[in-house]
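Letters go in sequence order (proteins before strands), and every chain restarts at 1. Note that these values count all heavy atoms, side chains included, but never hydrogens, waters or copies made by symmetry.
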Amino acid sequence: MARHVIQRLLVAIPVLFGVLLVGFLLMQVVPTDPAVVRAGPNASAELVAQIRADLGLDRPVAVQFALYLARLLQGDLGVSIINNIQVSRELGNTIGPTLELMFGALVWSIPLGIFLGTLAACRRGRPIDRLVMMASVAGVSVPVFFVGLVLIWFVGFKWELLPFTGRGGPIWTLEGLQTLALPALTLGLVFVGPVARMTRTAVLDVLGADHVRTARAKGLGEFPVVLRHALRNALVPVVTLIGLQIGFLLGGAVVTETIFSWPGVGRLAVGAILSNDFPMAQGTILVLAGGFIVVNLAVDLLYLVLDPRVRA
Amino acid sequence: MTDLLNIEGLRTVFRTGSGEVTAVDGVSLSVARGKTLGIVGESGCGKSVLSLSLMRLVPSPGRIAGGRVMFDGKDLLSLPPAAMRDIRGRRIAMIFQEPMTSLNPVFTVGDQITEAMRAHDRGASAAALKSRAIAALDRVRIPAPERRFDEYPHQMSGGMRQRVMIAMALSCDPDLLIADEPTTALDVTVQAQILDLLRDLQQQSGMAIILITHDLGVVAEMADEVAVMYAGRVVERTSGKAIFDDPQHPYTLGLLGSIPKLEETQDRLLAIEGAVPPPFALPQGCRFNPRCVFADAECTRIDPQLRDLAAGHAVACLRAPVESIVGVGA
């Protein structure tokens, strides 16, 4: 068990290195020159050149990356090229809100998706099944930003039910909850559909299994049969798929944070990339990739809990 | 002696793209307490659907279209679902062919046995259920039942799992055990142990057993009565002894002819040509006539019904008794 975790963490190192390398190379393609951004619109060419030299941007790309890695290994994420703020401090400030957003989105969408998927599986071919599947296709097909804009327009702007910009405070305050509601709703809505679909498929699969027939032959009612024997077994594949989907949800979080001005890692990443602030961008990429790895590790561990056959 | 279970004209159909097909077609059978009824036939003859029909567990798109299943004076087919659930597991228990997949892999065997008991005894304490479950494991001769109680199915061999299935089935002392190919997936030595066990348990408890199999050896070992099924119908019904001494249906003869015998030298085994016709393409007249060596013109026109040849020996064949066709001593 412990060995398993350590193995997974060791595998994460080359993965993170690859992510950083690709991120760094992509940043070179962005046409914005950070020295120009930093110097301001009226700066002289000499000043820009001076800044470029100070930041080390005049060195070869490979050297820049090597220097970055060397500092990173010492735990130094660097300083923002644009405003000199410590990257680690900025990340520390934004991780909390992003975790809040993810939590707010997942806490209702996963249970709802599992419920709807199970319901659809038990009523296979009936109207409720078709309705759930139609809704889930719609949910998968509609992009996050569209959902967000529609919610902002109606719930936030026309009906003035909920605030729709910024974060009013931590999640345990009323203001925090109120400002979290719409972004969490937006991000969660695109997640319900896939979870419902996966659950339906997995439950249908298990409902046809021999051991479900055994459970019925024991005289169990439909409810324990579905809940204990079908859904419980179906959770094994569902949890795996949810884990993989959370990676995509991180992408959705970037969009959602941008639309709702949510002060999270995603919005920070967008800002850093747009201004070619590569230490900051690399820092956010590191956090998002790290999050993905942690989620997958958690899924692996959950798998051990759910399926005794893997434990052996 | 009144019969524990009396099946009358049971018909189970499946809805398919090309209309309804009949998997079990007017089957009438009975079994008394303490007795074993063997149901024999090839794959696809409807014997498994028959057993699931008795439990009212026919999977969709199948449904029971007619007949009665009188169990201890009540027609199971007209019971409300809750009353039927109460019968399942408590009065009629079932074990299946595949011990590998018939147990839920994510729960311990102890969990699964106590679950069966709890379903029919809501008041029982966890400790009482556990000791009863351990006793049940002990009864099916599982060594170290206390330890096995906490094991998962994947930690056990096939024979062990089938013992667990039997322990689970018998945990509520059922009056009737339906065993659907209980030994087919096991190797021969384990098979003998399981049959032995079933016979002993039957003697202890006096339950009736319906034993579904394609293996005539198993029938010879176990059955008091035998019903041979072909294409959804019973074609011969007689005692477990007469089926070997005095088989009357050409299909039964064919089945017996396909058993290798040690004491005789045979150039080749007799095989029944062809295969069981699918339920949507049944032949005219007798359903066995395309494969029957004795069939004549009449057999392709008239669909034979079960008729008594002797006391306790019924055959659905126009040309029976067999002696009238091939002469005595066939």
Examine whether an atom of [X] lies under 4.5 Å from a heavy atom of chain A, and if so say whether it belongs to the side chain, the backbone or both; otherwise answer neither.
X: N104(B); answer: both
X: Q112(B); answer: both
X: L103(B); answer: backbone
X: P105(B); answer: both
X: L52(B); answer: side chain
X: M165(B); answer: side chain
X: M168(B); answer: side chain

Task: Residues in residues 102-129 of chain A near chain B [non-hydrogen atoms, under 4.5 Å] - done: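 Within residues 102-129 of chain A, no residue comes under 4.5 Å from chain B.
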- [ ] Taking heavy atoms only and a threshold strictly under 4.5 Å, list by residue number the residues of residues 204-237 of chain A that touch chain B; give 'none' if the list is empty.
- [x] D210(A), H211(A), R213(A), T214(A), R216(A), A217(A), K218(A), G219(A), L220(A), G221(A), R228(A), H229(A), R232(A), N233(A)
- [ ] Considering only heavy atoms and a distance below 4.5 Å, find which of G89(B), S102(B), A169(B) pairs most often with chain A.
- [x]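 Heavy-atom pairs under 4.5 Å are most numerous for S102(B).
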TODO: Against chain A, work out which of I178(B), I87(B), T101(B) has the most heavy-atom pairs shorter than 4.5 Å and name it.
DONE: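 Answer, by heavy-atom pair count under 4.5 Å with chain A: T101(B).
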